[in-house]
J.: 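Encoded as structure tokens, here's the structure I'll be asking about.
Sequential numbering from 1 along the given sequence is applied to the chain's residues. All of these numbers come straight from a predicted model, not from anything done at the bench. These values consider heavy atoms only, across backbone and side chains, with no hydrogens, waters or symmetry-generated copies.
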Amino acid sequence: VGVALAVTLLCLAIALPMAFYIAKVAKPWARRGLVVAVLLPLWGGYLVKGYAWRAMFSPGSEFSASGGGGVLDSTIGWTPGFGQTALVITLAYQWLPYMVLPIYAGLDRLPASLLDASADLGGRPLRTFRSIITPMIIPSIAAGSIFTFSLSLGDYIMPNIVGGTTQLIGNLIARTLLAPNQPLAAAFTLWPIIII
């Protein structure tokens, strides 16, 4: 649950400015291209993206003949390695479009006249965001949060690729089924259903 919450909050922090820029700042002719750019990562294979992030986070010589480590290790000299941080970053990358698109749709429907009225009445940008924009896009934020939270909570493959020892509920259920302990696995499956 903690990993799913972290992924959801990270996606929200990235998606809000992205969606606002696309919906309200970008020129009308550029909006479609930016929406396609947001959707573009979805066209890549799920496993391919996971192994690409594994190559970036690799701390040792797993992907390098010279023993220099992954892309981050060899370029900036630091990598989080495999574990919870790598898993949160990878899942946030995987599910970010599912947060950006609902927020973009909510902001796109937001009348520009409301923002203009707020500016005319002396509302500063932060006050406008807090008092006008946020209440109107709460349903969009909720939709994007449901997508990212539920997809992260139920992920089974990425913890095996970049998670190191970090395991999610799906991995625990699979490990219990291999034990074999079907009653315990069935009990574990109730938790994601109850949480979601």
Side-chain angles (χ1 to χ4, degrees), residues 1-22 37-42 44-60 62 69-73 75-107 126 129-130 133-135 137-176 187-196:
V1 173
V3 169
L5 279 173
V7 169
T8 302
L9 292 174
L10 182 59
C11 284
L12 180 62
I14 297 170
L16 274 173
M18 279 179 69
F20 186 82
Y21 179 81
I22 295 170
V38 168
L39 290 173
L40 205 57
L42 295 177
Y46 177 78
L47 287 175
V48 171
K49 292 184 285 188
Y51 279 107
W53 279 103
R54 181 176 177 85
M56 290 181 59
F57 292 136
S58 177
E62 181 177 354
V71 174
L72 291 177
D73 198 16
T75 56
I76 63 172
W78 176 84
T79 181
F82 303 131
Q84 192 165 355
T85 303
L87 182 60
V88 168
I89 293 169
T90 303
L91 289 174
Y93 173 78
Q94 294 275 9
W95 310 133
L96 182 63
Y98 295 103
M99 181 69 85
V100 173
L101 290 176
I103 294 174
Y104 163 74
L107 287 169
L126 189 59
F129 180 78
R130 189 179 69 239
I133 297 173
T134 302
I137 64 168
I138 288 288
S140 302
I141 292 172
S145 297
I146 289 169
F147 286 139
T148 56
F149 183 82
S150 61
L151 289 169
S152 298
L153 185 68
D155 200 295
Y156 167 75
I157 297 171
M158 284 307 136
N160 291 330
I161 296 175
V162 297
T165 59
T166 303
Q167 299 294 301
L168 298 182
I169 293 174
N171 304 96
L172 183 62
I173 293 168
R175 200 171 46 226
T176 308
F188 284 143
T189 59
L190 289 177
W191 283 107
I193 293 168
I194 291 169
I195 292 168
I196 292 175

J.: Within the structure provided, determine whether Leu12 and Ile103 are in side-chain contact (heavy-atom separation under 4.5 Å).
T.: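 With C-beta onward as the side chain, the pair touches.
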J.: Can you see which heavy atom on Thr189 is nearest to which on Ile173, and at what distance?
T.: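 Nearest pair, atom of Thr189 first, then Ile173: CG2-CD1, 3.5 Å.
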J.: Where do Ala19 and Val100 come nearest, in terms of heavy atoms and distance?
T.: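 That closest heavy-atom pairing would be CB-O, 4.0 Å.
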J.: Between atom CD1 of Ile141 and atom CG of Leu107, what is the distance when rounded to the nearest 0.5 Å?
T.: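 Between Ile141 CD1 and Leu107 CG, I get 8.0 Å after rounding to 0.5 Å.
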J.: With heavy-atom distances below 4.5 Å as the criterion, would you say the side chains of Ile137 and Leu16 are in contact?
T.: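 Side chain of Ile137 against side chain of Leu16, heavy atoms only: contact under 4.5 Å found.
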J.: Quick check: do Leu151 and Gln94 have side-chain heavy atoms less than 4.5 Å from each other?
T.: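 Of all side-chain heavy-atom pairs linking Gln94 with Leu151, none is under 4.5 Å.
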J.: If I compare all heavy atoms of Leu96 with all of Ile14, which pair ends up nearest, and what's the gap?
T.: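 Nearest heavy atoms, Leu96 then Ile14: CD2-CG2, 3.8 Å.
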J.: Heavy atoms, side chains only, cut-off 4.5 Å: are Phe149 and Leu5 in contact?
T.: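 With C-beta onward as the side chain, the pair touches.
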J.: Can you measure from OH (Tyr104) to CE (Met18) and round to the nearest 0.5 angstrom?
T.: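 If I round to the nearest 0.5 Å, the distance is 12.0 Å.
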J.: Does a side-chain heavy-atom distance below 4.5 Å link Asp155 with Trp95?
T.: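 Heavy-atom side-chain distance check passes, below 4.5 Å.
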J.: Where is the tightest heavy-atom contact between Pro97 and Pro102, given as atom of each residue plus distance?
T.: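 Reported closest heavy-atom pair: O-CD, 4.3 Å.
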J.: Under the ring-ring contact (aromatic ring centres under 6.0 Å, His included) rule, collect the residues that match up with Tyr93, sequence neighbours excluded.
T.: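 Partners of Tyr93 under the ring-ring contact (aromatic ring centres under 6.0 Å, His included) test: Trp53.
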J.: Taking all atoms of both residues into account, what is the closest heavy-atom pair of Tyr46 and Met158, and its distance?
T.: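 So the minimum-distance heavy-atom pair works out to OH-CG, 3.3 Å.
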J.: Looking at Tyr98, I'd like to know if its OH atom is crowded, meaning that more than 12 non-hydrogen atoms belonging to other residues, nucleotides or ligands lie closer than 6.0 Å.
T.: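 No.
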J.: Heavy atoms, side chains only, cut-off 4.5 Å: are Leu101 and Phe147 in contact?
T.: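 No; the side chains remain at least 4.5 Å from each other.
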J.: How many angstroms lie between atom OG1 of Thr90 and atom NZ of Lys49, to the nearest 0.5 angstrom?
T.: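 Output value for this atom pair is 11.0 Å.
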J.: What heavy-atom pair brings Tyr51 and Ile161 nearest, and what distance separates the two atoms?
T.: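 Closest pair (atom of Tyr51, atom of Ile161, distance): CE1-CD1, 3.9 Å.
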J.: With heavy-atom distances below 4.5 Å as the criterion, would you say the side chains of Thr148 and Leu10 are in contact?
T.: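 A side-chain contact under 4.5 Å is absent here.
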J.: Within the 4.5 Å heavy-atom criterion, are Met99 and Thr8 side-chain neighbours or not?
T.: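 Touching, per the 4.5 Å side-chain cut-off.
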